[in-house]
Amino acid sequence: MSCVFCKIIDGTIPSTAVYRDDECYAFTDIHPQAPVHVLIAPRQHIVSLAETDADDKELLGHLIWAATEIARTKGLSRGYRVVLNTGPDGGQTVDHLHVHLLGDRPLGWPPG
Ligand code: 5GP
Ligand code: ZN
């Protein structure tokens with residue numbers, strides 16, 4: 001398996017852990033776009049949101065819940081952004097489903 005996030009999840013590639021449970025692993029982004037920039041990835045290799053189906057509804061909810069818990073832990077009381085870049089036009093560069101949690105600065109809208 002050549003997937004960089006699978007290697008991060010199995011520990012082959014080092015990362016800074018933020019949260020972990022049986023379903024997901026969360027770690028700091030190597031090129032942070034905000035003071036808090038955490039990636040939450042399922043332990044299961046799923047390419048993107050576009051590859052999910054009804055069987056993944058619970059897992060998808062879990063990933064968003066994990067992002068919310070991490071935001072609380074980080075004290076992001078002024079708000080934050082949760083993003084799932086999907087496919088080439090969505091700006092996805094790593095083909096393993098992941099949720100971005102960005103916060104601790106005002107974030108502009110619309111995105112580029
Ligand atoms: P995407 O562009 O697919 O939505 O997000 C991929 C993210 O993964 C990018 O923000 C990028 O900085 C991050 N990333 C890519 N490779 C690594 C890595 O080896 N370690 C960590 N911690 N983050 C990575
Ligand atoms: Zn993977």
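The structure displayed is predicted, hence computed values, not measured ones. Remember, it's 1-based here, ligands and their atoms both numbered in the order they're listed. Excluded from the calculations below are hydrogen atoms, water molecules and symmetry mates; all remaining heavy atoms, backbone and side chain alike, are included.
Under 3.5 Å, the side chains of Tyr19 and Thr73 contain no donor-acceptor pair of N or O atoms.
Nearest N/O/S atom of His45 relative to the Zn ion (ligand 2): this is ND1. Within His96, the N, O or S atom lying nearest to the Zn ion (ligand 2) carries the name ND1.
The immediate protein surroundings of ligand 1, defined as residues with any heavy atom under 4.0 Å of it, consist of Val4, Phe5, Ile8, Phe27, Thr28, Asp29, Ile30, His31, Leu39, Asn85, Gly91, Gln92, Thr93, Val94, His98, His100.
Put simply, the side chain of Arg43 gets close to the backbone of Asp21: a donor and an acceptor are under 3.5 Å apart. Judged by distance alone, the side chain of His96 and the main-chain N or O of Pro42 form a donor-acceptor pair under 3.5 Å.
Side-chain contact between Arg81 and His100 is absent, with no heavy atoms from C-beta onward closer than 4.5 Å. Looking only at side-chain heavy atoms (C-beta outward), Phe5 and Leu97 stay at 4.5 Å or farther from each other.
More than 12 heavy-atom neighbours from other residues, nucleotides or ligands sit within 6.0 angstrom of CZ on Arg105. Surrounding CG of Asp22 are at most 12 heavy atoms belonging to other residues, nucleotides or ligands under 6.0 Å away.
Here the angle at the Zn ion (ligand 2) defined by SG in Cys6 and SG in Cys3 stands at 120°, rounded to 10 degrees.
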